[in-house]
Every structure is written in structure tokens, then in C-alpha cells.
Amino acid sequence: MAVGVRDPYEVLGVARGAGRDEIQRAYRRLARLHHPDVSAEPGAEERFKEITAAYRVLADPKRRREYDAGRRSHQRYHGGIDIDLSGGLFRGARGADARAELTIGVETAYTGGRRRVTLPGPAGRPRQYDVDVPAGVVEGERLRLPGQGAPGTRGGPSGDLLLVVRLAPHPRFKVSGRDVMVEVPLSPWEAALGAVVPVGLPTGPLRLDVPPGSSSGRRLRLRGQGLPNPHGPAGDLFAEIRIVVPERLTPGERALYRSLARESPFDARLT
């Protein structure tokens with residue numbers, strides 16, 4: 001008569017004196033046969049969890065000794081009748097958490113969005129997950145998908161899937177924490193005279209006031225225009241000036257530059 005969990009020796013179909021290699025072979029054979037991604041039989045997943053739990057008991061020398069000792073003591077107490085009350089040694093356990101990386105663009109980090117992720121699954125079969133990426137995620141942040149990790153044993157809950165966020169390189173934006181840097185090209189006269197120029201962000205265009213006399217490399221700070229933060233202040237946007245000179249000049253432009261060269265006492269090498 002058996003009460004509570006099944007005997008792990010019975011689950012794996014091995015003798016009580018079976019060696020480690022025999023137990024391992026039995027586990028592999030049964031796991032391949034009853035894996036839920038392979039078997040279409042009803043109850044395959046529960047059977048697979050039971051097989052895995054039994055193997056964990058018998059493959060660990062300490063747990064196996066404890067189980068055998070507990071079983072013998074119960075048999076002596078009940079007059080040799082095999083009543084298995086060892087659920088404290090052989091009970092359901094939560095599955096392990098799984099980890100993977102999720103690469104997103106700066107645009108998604110700004111605005112959030114829904115992404116479909118394909119990851120390797122059991123038996124080599126890919127699994128797809130629809131992930132809601134919140135606005136304001138940063139490099140290294142972890143997104144948790146409850147119950148999508150390794151299955152539990154003996155009815156225990158599955159672990160979680162932890163997705164570590166990676167930001168893909170962007171041709172215009174550089175991100176450091178929640179701060180964002182972007183280059184802003186200016187013509188020489190805009191840099192010299194000052195100007196109001198647009199700066200395109202994933203959340204929409206901004207107007208940047210460029211002070212007169214701005215040289216290449218100057219950084220203008222726009223507070224709160226970096227990556228958003230659901231739990232505090234947003235990062236800042238740093239607009240770095242880059243002066244762009246026309247490759248070809250019209251005759252009129254050339255004349256104006258020559259006139260400026262004659263009139264201006266400015267020497268860039270003396271600044």
C-alpha cells in the first residue's frame with residue numbers, strides 16, 4: 001500500500017541496489033519517452049516531472065541515503081508494510097529561472113513597445129514569447145516573465161524567464177544610463193550667429209536654441225529629454241554641436257567668405 005508520493009525506484013523502474021549509471025540510463029530513456037515536447041500522450045508533462053523528481057532524489061547520494069533511511073524506518077514502524085511517508089524528502093519544487101538577452105533599439109527604450117522573442121526550447125524546438133517592453137528600460141535591466149522558466153517538479157511551479165535588456169548601437173544616439181547624446185550639425189553661420197534648429201527624437205522633434213558663437217564639440221543640455229524613468233526623474237539629452245562646411249561654394253558664397261576673411265581679425269589657432 002502506498003500513501004503520498006510514489007517510490008522513486010518504482011518511478012524509474014530500477015532496483016534498490018541500482019548503481020548511478022543504471023539510474024542515469026533509466027532516467028534518460030524515460031525522459032525521452034515522456035517529454036511533453038515529444039509525447040502526445042495525456043499526462044505526459046506530469047509524468048515527465050515525476051521522472052525528473054525521482055532522478056533528482058536517486059542521483060544525489062545524500063538525498064538517496066536520506067530517502068532509503070526514512071523508508072526503512074517507516075517500514076519498521078508499520079510492521080514491514082511499505083507506507084511511503086517521505087514527502088519531506090521528495091516533494092514538489094519550483095523550477096529554475098531561465099535567463100536570456102533581449103536586444104532593443106533606442107527608439108523602443110524611449111517609447112516602449114511589444115516585441116516577439118524567439119528562444120531555444122526543449123528538444124531544440126524554438127519557443128516564442130510576446131514581451132511588453134516598458135518605456136524607459138536601460139542597458140542591463142531585467143524583464144521578468146513569470147512561469148516561463150524551467151518546469152517545477154512534482155507539481156511545483158515553473159521558474160521565471162529573465163530577459164536582460166541590451167541596447168543596440170544607434171547611428172545617431174549614444175546612451176549612458178538614462179542620458180542620451182546626439183550630434184547636431186550646424187552650418188558655419190548658424191554656429192556663429194545662433195539659431196533655433198530641430199532635433200529629432202523617437203518621442204518627436206525638439207527645438208534647440210543654439211547660442212551665438214557655438215563651436216564644434218560644445219554640448220547643450222536639455223534636462224529631462226533623455227530616457228524616461230517610471231520611478232524617478234528622466235535622463236538628460238546632450239546635443240553636441242558639429243559644424244559642417246559646404247563642400248562646394250557658389251560664386252556668391254565664395255565672395256562672401258573672402259570678404260569675411262578680409263574683414264575678420266579672428267584667428268582660430270589663437271583661441
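Because only heavy atoms are used, hydrogens play no part in the values below, and waters and symmetry mates are left out as well, while side chains stay in.
- When all heavy atoms are compared, the tightest approach of S158 to G147 is CB-O, 3.7 Å.
- Hydrophobic clustering of Ile, Leu, Val, Met, Phe, Trp and Tyr side chains at less than 4.5 Å, counting indirect connections, keeps I243 apart from M181.
- Salt-bridge annotation for D179 and K174: absent, with no side-chain N of the basic residue lying under 4.0 Å from a carboxylate O of the acidic one.
- Once rounded to the nearest 0.5 Å, the distance linking CD of Q24 with CG of L12 reads 11.5 Å.
- A distance-only check finds no donor-acceptor pair linking the side chain of S264 to the backbone of L260 [under 3.5 Å].
- Going from atom CZ of R28 over to atom CD1 of I23 covers 13.0 Å, rounded to the nearest 0.5 Å.
- When atom types are taken as modelled, the side chain of D97 and the backbone of D160 share a donor-acceptor pair closer than 3.5 angstrom.
- Rounding to the nearest 0.5 Å gives a distance of 5.5 Å between CG of D236 and CZ of R223.
- Between I51 and Y27 the shortest heavy-atom distance is CG2-CD1, 3.6 Å.
- Salt bridge K62/D60: absent, no basic N to carboxylate O contact under 4.0 Å.
- Side chains of D68 and Y9: a donor-acceptor N/O pair is present below 3.5 angstrom, by distance only.
- At a threshold of 4.5 Å between non-hydrogen side-chain atoms, the residues R115 and I104 count as touching.
- Enclosure of atom CZ in R166 by more than 12 non-hydrogen atoms of other residues, nucleotides or ligands within 6.0 angstrom is indicated.
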Apply side chain to side chain contact (heavy atoms under 4.5 Å, CB included) to the pair E183 and R172, showing each step before the final yes or no. CA-CA 7 Å; E183 280 192 344; R172 292 184 58 234; over 6 Å; no

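- Counting heavy atoms from C-beta outward, F173 and L201 have side chains that approach closer than 4.5 Å.
- Of all non-hydrogen atoms in Y110 and A135, the two that sit nearest each other are O-CB, 3.5 Å.
- The neighbour count for E263 CD, taken as heavy atoms of other residues, nucleotides or ligands under 6.0 Å away, does not exceed 12.
- You'll find the side chain of L102 reaches within 4.5 Å of the side chain of V133, heavy atoms only.
- I241 and L206 fall within a single hydrophobic cluster, where Ile, Leu, Val, Met, Phe, Trp and Tyr side chains are chained together by heavy-atom contacts under 4.5 Å.
- The distance from atom CG of L167 to atom CD of E139, rounded to the nearest 0.5 Å, is 5.0 Å.
- A single hydrophobic cluster is seen to contain both L163 and L227, as judged by linkage of ILVMFWY side chains at heavy-atom distances under 4.5 Å, directly or through other members.
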Verify salt bridge (charged side-chain N to carboxylate O under 4.0 Å, His left out) between D7 and R16, making sure each step is shown before the conclusion. CA-CA 10 Å; D7 184 344; R16 300 198 180 278; 2.2 Å; yes

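- Atom CZ of R207 has 12 or fewer heavy atoms from other residues, nucleotides or ligands within 6.0 Å.
- V11 is not listed as a side-chain neighbour of Y55, based on a closest heavy-atom distance of 4.5 Å or more.
- Under 4.0 Å is where a charged nitrogen must lie from a carboxylate oxygen, and between R63 and E66 no such pair does.
- Here the side chains of V197 and E190 are in contact, with some heavy-atom distance below 4.5 Å.
- Minimum interatomic distance between G224 and A234 (heavy atoms only, all atoms of both residues): O-CB, 3.8 Å.
- Ion pairing between a basic and an acidic side chain is recognised when a charged N comes within 4.0 Å of a carboxylate O; R218 and E240 show no such pairing.
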Evaluation steps, side chain to side chain contact (heavy atoms under 4.5 Å, CB included), between V184 and L186: CA-CA 6 Å; V184 179; L186 295 178; 4.3 Å; yes

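- E253 places none of its side-chain heavy atoms less than 4.5 Å from the side chain of R248.
- For residues 235-271, no residue pair satisfies the ring pair (Phe, Tyr, Trp, His ring centres under 6.0 Å) rule, not counting sequence neighbours.
- Put simply, CD on Q225 and OG1 on T203 are 6.5 Å apart, with the number rounded to the nearest 0.5 Å.
- Atom CG of L256 and atom CH2 of W189 lie 9.5 Å apart (nearest 0.5 Å).
- No donor-acceptor distance shorter than 3.5 angstrom exists from the side chain of T118 to the backbone of Q128, with no hydrogens or angles considered.
- Although no hydrogens or angles enter the test, the distance criterion places a donor-acceptor pair under 3.5 Å between the side chain of S214 and the main chain of P211.
- When all heavy atoms are compared, the tightest approach of V164 to R142 is CG2-CG, 4.1 Å.
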Determine, stepwise, if the pair V137 / T108 fulfils side chain to side chain contact (heavy atoms under 4.5 Å, CB included). CA-CA 9 Å; V137 294; T108 303; 5.9 Å; no

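- Both V165 and V175 are part of a single hydrophobic cluster, where members link through side-chain heavy atoms under 4.5 Å apart.
- Between the side chain of R178 and the backbone N or O of P228 there is at least one donor-acceptor pair closer than 3.5 Å.
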For L161 and L119, run side chain to side chain contact (heavy atoms under 4.5 Å, CB included): C-alpha distance rounded to whole Å, both residues' side-chain angles, the deciding distance at 0.1 Å, then the answer. CA-CA 11 Å; L161 174 59; L119 299 173; 3.9 Å; yes

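- With a 4.5 Å cut-off on side-chain heavy atoms, Q148 and R127 do not count as touching.
- Using a 4.5 Å cut-off on side-chain heavy atoms (C-beta onward), T52 and K49 make no contact.
- Under a hydrophobic-cluster definition in which Ile, Leu, Val, Met, Phe, Trp and Tyr are linked whenever side-chain heavy atoms come within less than 4.5 Å, directly or via other members, L222 and V199 are assigned to the same cluster.
- Scanning all heavy atoms of the two residues, the minimum distance from A26 to V14 falls at CB-CG1, 3.7 Å.
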